[in-house]
Amino acid sequence: MHSAKNVLICCTGSVATIQLLSIISDLSSAFQKLSTVLSIKVVLTKAACHFVDVNEVKQKAEVFVDADEWSQWGKRGDPVLHIELGKWADLLLIAPLDANTLAKIANGLCDNLLTCAVRAWDLTKPLLFCPAMNTRMWDHPITQTHITTLKSWGYTEIPCISKTLMCGDTGMGAMAHVPTIVQTVVEVCKNK
């Protein structure tokens, strides 16, 4: 593995976003054990911001929200944030990927910083996604259609799991456990 890796973590409007700090911390520890310098940047959708303390996340990584896309661009020749993030990153991890953003990505919509970054992603670099949604949403037939679409582009699914969800329902749809996500990212980086 290279001695330095840049990972872009994108979070959407799922309660599983509460796991973000654990993902950052555990990824940092895993890469440190491999003597690899890890740089992390985070993109939060407006809805994702409901589930984390953005200032707390900023203590661990550089954080970007939709407003940053427009504040950095003023005229022709200025950097375009979603393009610059894609150039910087060696790997893009969407954890969690909610049903809404899954549908947007699968249908080519790009109406916020996260979906623009994904739409402009270099397909020669790994993109990993962790679905997370209510069991009823997971069980809807369109969900598997959307996941199949993402996988057909070469994206890697880190499958969701079954458990009792925050809403009290029990079933499939919970984001994969953090150690599974971290292990998958490390393995993909080792093979690149």
For this session: Decide whether Asn112 and Thr115 meet the rule of one side-chain donor and one side-chain acceptor closer than 3.5 Å.
Result: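 Indeed, the side chains of Asn112 and Thr115 share at least one donor-acceptor pair under 3.5 Å.
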
Can you name the closest pair of heavy atoms from [X] and [Y] and give their distance?
X: Trp138; Y: Gln144; result: CZ2-NE2, 3.2 Å
X: Ala176; Y: Pro159; result: CB-O, 3.4 Å
X: Cys49; Y: Val54; result: SG-CG2, 3.9 Å
X: Lys46; Y: His50; result: O-CD2, 3.6 Å
X: Ala117; Y: His82; result: N-CB, 3.7 Å
X: Ala132; Y: Ser14; result: CB-OG, 3.5 Å

Problem set entry | Among Ile9, Asp66, Val63, the one residue meeting side chain to side chain contact (heavy atoms under 4.5 Å, CB included) with Leu44 |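 That would be Val63.
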
Exercise. Looking at Leu102, Ile94, Ile105, which one forms a side chain to side chain contact (heavy atoms under 4.5 Å, CB included) with Thr12?
Worked result: Ile94

Exercise. Given Arg119 and Leu109, is the side chain to side chain contact (heavy atoms under 4.5 Å, CB included) satisfied, shown in steps?
Worked result: CA-CA 8 Å; Arg119 181 67 186 261; Leu109 300 178; over 6 Å; no

So do [Y] and [X] actually touch side chain to side chain, heavy atoms under 4.5 Å?
X: Met175; Y: Ile23; answer: yes
X: Lys41; Y: Leu85; answer: yes
X: Lys58; Y: Asn55; answer: yes
X: Asn134; Y: Met137; answer: yes
X: Thr184; Y: Leu128; answer: yes
X: Leu92; Y: Tyr155; answer: no
X: Val37; Y: Phe31; answer: no
X: Leu21; Y: Val57; answer: yes

Would a distance-only check, ignoring hydrogens and angles, find a side-chain to backbone donor-acceptor pair under 3.5 Å from [X] to [Y]?
X: Thr45; Y: Ala48; value: yes
X: Lys125; Y: Ala89; value: yes
X: Asp68; Y: Val65; value: yes
X: Asp98; Y: Gly13; value: yes
X: Ser29; Y: Ser25; value: yes
X: Thr135; Y: Met172; value: yes
X: Thr149; Y: Thr145; value: yes
X: His140; Y: Ile142; value: yes

Exercise. So, Asp111 and Lys104, do they make that salt bridge, N to O below 4.0 Å?
Worked result: yes

Problem set entry | Residues Lys75 and Asp78 bridged, charged N to O under 4.0 Å | yes

Any chance you could measure [X], atom [atom1], to [Y], atom [atom2], to the nearest 0.5 Å?
X: Asn6; Y: Lys87; atom1: CG; atom2: NZ; answer: 14.5 Å
X: Ser22; Y: His177; atom1: OG; atom2: NE2; answer: 12.5 Å
X: Ile24; Y: Leu38; atom1: CD1; atom2: CG; answer: 9.5 Å
X: Cys11; Y: Leu93; atom1: SG; atom2: CG; answer: 8.0 Å
X: Leu81; Y: Phe64; atom1: CG; atom2: CZ; answer: 5.5 Å
X: Leu97; Y: Leu150; atom1: CG; atom2: CG; answer: 7.0 Å

Problem set entry | Derivation and outcome, side chain to side chain contact (heavy atoms under 4.5 Å, CB included), residues Phe129 and Ile158 | CA-CA 6 Å; Phe129 66 96; Ile158 303 176; over 6 Å; no

Problem set entry | Stepwise side chain to side chain contact (heavy atoms under 4.5 Å, CB included) test for Cys10 and Leu8 | CA-CA 6 Å; Cys10 296; Leu8 180 62; 4.1 Å; yes

For this session: Could I get the full list of side chain to side chain donor-acceptor pair (under 3.5 Å) partners for Asn100, not counting sequence neighbours?
Result: none

For this session: Could you please spell out the steps behind the side chain to side chain contact (heavy atoms under 4.5 Å, CB included) verdict for Ile147 and Glu157?
Result: CA-CA 8 Å; Ile147 286 175; Glu157 178 188 12; 3.5 Å; yes

Exercise. Any cation-pi pair here, Lys151 with Trp153, using under 6.0 Å and within 45°?
Worked result: no

Exercise. With hydrophobic residues grouped by side-chain heavy-atom distances under 4.5 Å, do Leu113 and Trp70 end up in a single group?
Worked result: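 Different clusters.
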
For this session: Answer yes or no: does atom CD of Gln32 have more than 12 heavy-atom neighbours from other residues, nucleotides or ligands under 6.0 Å?
Result: no

Exercise. Near Lys60 NZ, under 6.0 Å, is it more than 12 heavy atoms from other residues, nucleotides or ligands?
Worked result: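 Counting neighbours around NZ of Lys60, 12 or fewer heavy atoms of other residues, nucleotides or ligands fall under 6.0 Å, so no.
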
